[in-house]
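Note that ligands are numbered from 1 as they come in the structure, with each ligand's atoms numbered from 1 the same way. Given the structure is predicted, the values throughout are model-derived calculations rather than measurements.
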Amino acid sequence: MARTSSIAAALPGLFRFVRAFWPYIRQHKMLLGGSFVALLAQVGFRLLEPWPLKFVFDRLISPPAGEEVDNQLVWLTLMAGAVVVVALLRAVTSYASTIGMALVGNRVLTAVRADLYHHMQRLSLSYHDSTRTGDLTIRVIGDIGMLKDVTVTAVLPLIANALILVGMLSVTFWLNWQLALLAASVLPLFLIRSIRLSKRISQVSRKQRQREGAVAATAAEAISAIRTVQALSLEDTFGNQFARQNNRSQAESVRAKRLEARLERSVDVLTACGSALVLWYGVRLVLQGALTAGELLVFLSYLKSSYRPIQSYAKYTGRLAKASAAGERVLDVFERTPDIKDTAGAIDAPPFLGEIAFRNVSFGYDPQHPVLRNISFTIQPGQTVALIGPSGHGKSTIASLLLRLYDPTDGGIEIDGRDIRSYKVESLRRQMSVVMQETLLFAASVRDNIAYGRPDSTAADIVAAARLANAHLFIGDLPHGYETVLGERGTTLSGGQRQRLSIARAAVRQAPILVLDEPTTGLDEANEQSVINALKRLSEHTTTVLVTHDLAFASRADYILYIENGEIVERGTHASLIDAGGRYARLSAVHTTTHDRRNEYVASD
Ligand code: ADP
């Protein structure tokens, strides 16, 4: 009992993990049961192993007077055969239990990994904002992989060893309890030592696992921003940062190994003490006739192999501690619930007409620092509203709230007269298309990249969307047309082309609401025109929220909101705002002058 609770204390993560994933494990009850039976058989054969030898010693070599057996050679041959048969059976059952457990472990963890990935994707942006991508990748790939590995290389042997230990203790107590007691007397010493060290191993291993997450996160960040890293010659800066973290992780790894080695060596010494005691007392019992030589042989053979499980416990402690840390990291993600989720009684959104109303909306990513204050406006179906104003004052945040990537801290957003929180999240987002400044294309074909907008779209839908987005022609020039597979992050396409694919993706969705977040920023003039024309066609019949710095583009909107410090400071049509002579009018004057200068510069070139 003390033993079980001590392992439980040292490895809380692993037990939490087994409890949390019992529903997955339960699905493989038959296989698990079969493997366990094979495991028990394996333990039985392990216990049987020295018995043929005992028979040979006690019955053939030095039998008690008057109890000599006939046909000595036949018995000897039988016993020799038994040695081989027992070893064979043990090998077969051990193989069966290992394979069975490996199958269960792999199946369970493959399902867990898939669910973890799903869950992670559903977690709110507020969680992802505060978590490093590389660290999450390590959790899905590395931590789950480690748990898979450890099921077979540590959990299974540990269970087998514990059973072997119990079996051997029982048999030796039955043979001679005094001698068994003597052999077991070193166990408490071992337990004290191992609990103390395994706790420290566990702490170090956990830290190491976290460091590995940080190393992966740094690498992932730098690699995904490799253009910027190279452009700013930051290779050495990031390289050194990576090297420092890598070294720290290595230092933890060495510390864990050192502690493991210390535990193993302590067990070696204790094993030797136990063997010496048994030899000293056991031989005296044999000489006194209280024990047969064969029984002492069984004793010594058991002793060697019952200490071995203890020895390997030291070895497995490190691995189990790491797995427990990995398990905790996985559970930590599982136990997070998305902030944005379907409320009780949420309904499937009906096809929207597209009337949007913000009612006194306030919001802060961190509640102490409000980003939006008391925002109220209404957009009629099919209208376009442009959000204008200095950077960092909350325009994109308004778009994010409409997409329900975050919920307002105060006030509410309605679509067609109902609060968006009363719709199921998926059914709400399905009716919105988005084009952002930074278009993310996936490493898939052009066709698939467009079809991500609506997975059930037909080939004709995709071509129509590409035509609307001014993308059909350049797609035709790609080496394999629509089947061309794009490099990661779409590096094989220009900015304007990427943006037009993104517009095609939004177009194929045929959603009644369109959110455009700086869709033309960073494009050259030729591309800008082509993108703007495509966007005009796209937004013709949809309710559109446009965040932009491009005043010429914004001036075409039905009305304009000028956002400053998270508040709407001016609102109206382009003409009315110019007439009013406020901030928008001043910005527009500056914009026109720079625009004219640029044109003059181009003309004189
Ligand atoms: P704009 O679109 O007007 O440039 P944003 O809506 O992007 O402004 O940002 C408004 C403010 O919110 C800024 O101060 C910005 O730093 C902050 N902010 C934006 N996104 C996040 C985020 N994910 N987490 C925390 N703060 C954010």
Practice problem: Answer with yes or no whether V547 contacts ligand 1, where contact means a heavy atom under 4.0 Å from a ligand atom. | Solution: no
Quiz prompt | Whether S400 lies under 4.0 Å from ligand 1, heavy atom | solution =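 S400: no contact with ligand 1 (<4.0 Å).
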Quiz item: With L234, which residues qualify under side-chain contact (heavy atoms from CB on, under 4.5 Å), at least two apart?
Solution: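 V229, L232, T237, F238.
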Self-check item: Closer than 4.0 Å: a protein non-hydrogen atom to atom 15 (C) of ligand 1
Solution: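 No, there is none.
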Practice problem: Verify the contact flag for atom 20 (N) of ligand 1, where contact means a protein heavy atom under 4.0 Å away. | Solution: yes
Under 4.0 Å from a heavy atom of [X]: which atoms of ligand 1 are those, numbered in the order shown and with their elements?
{"X": "S396", "result": "1 (P), 2 (O), 6 (O), 7 (O)"}
{"X": "P390", "result": "3 (O)"}
{"X": "T397", "result": "5 (P), 6 (O), 9 (O), 10 (C)"}
{"X": "S391", "result": "4 (O)"}
{"X": "Y406", "result": "23 (N)"}
{"X": "V371", "result": "10 (C), 11 (C), 12 (O)"}
{"X": "H393", "result": "1 (P), 3 (O), 8 (O)"}
{"X": "K395", "result": "1 (P), 2 (O), 3 (O), 4 (O), 6 (O), 8 (O)"}

Quiz item: Above 12 or not: heavy atoms from other molecules or residues under 6.0 Å from OH of Y117?
Solution: no
Side chains of [X] and [Y]: donor-acceptor distance under 3.5 Å anywhere?
{"X": "N565", "Y": "R373", "value": "no"}
{"X": "Y24", "Y": "D115", "value": "yes"}
{"X": "T520", "Y": "E528", "value": "no"}

Quiz item: For the residue pair Y365 and Y406, does the interplanar ring angle fall in the parallel (under 30°), tilted (30 to 60°) or perpendicular (over 60°) class?
Solution: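 Judged by the thresholds at 30° and 60°, the geometry between Y365 and Y406 is perpendicular.
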Practice problem: On the 0 to 90° scale, with breaks at 30° and 60°, tag the Y482-H472 ring pair as parallel, tilted or perpendicular. | Solution: tilted
Exercise. Examine G392 against ligand 1 and note whether any of their N/O atoms are separated by less than 3.5 Å.
Key: yes
Quiz item: Can you check whether G394 has an N/O within less than 3.5 Å of an N/O in ligand 1?
Solution: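 Between G394 and ligand 1, an N or O pair is found under 3.5 Å apart.
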Quiz prompt | atom 23 (N) of ligand 1 [closest protein heavy-atom partner, distance rounded to 0.1 Å] | solution =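 Scanning the protein heavy atoms, the shortest distance from atom 23 (N) of ligand 1 goes to D129 OD2, 2.9 Å.
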Quiz item: To which protein heavy atom is atom 26 (N) of ligand 1 closest, and what is the distance rounded to 0.1 Å?
Solution: Y365 CD1, 3.3 Å
Quiz item: Counting only N and O atoms by type, is there a donor-acceptor contact under 3.5 Å from the side chain of R500 to the main-chain atoms of A469?
Solution: no
Exercise. Please report the closest heavy-atom contact between D419 and S422, naming both atoms and the distance.
Key: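 Heavy atoms only, the tightest pair is O-OG, 2.7 Å.
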Quiz item: When you look at Y584 and Y562, which way does the ring-ring contact (aromatic ring centres under 6.0 Å, His included) test go after all the steps?
Solution: CA-CA 7 Å; Y584 179 80; Y562 191 98; 7.0 Å; no
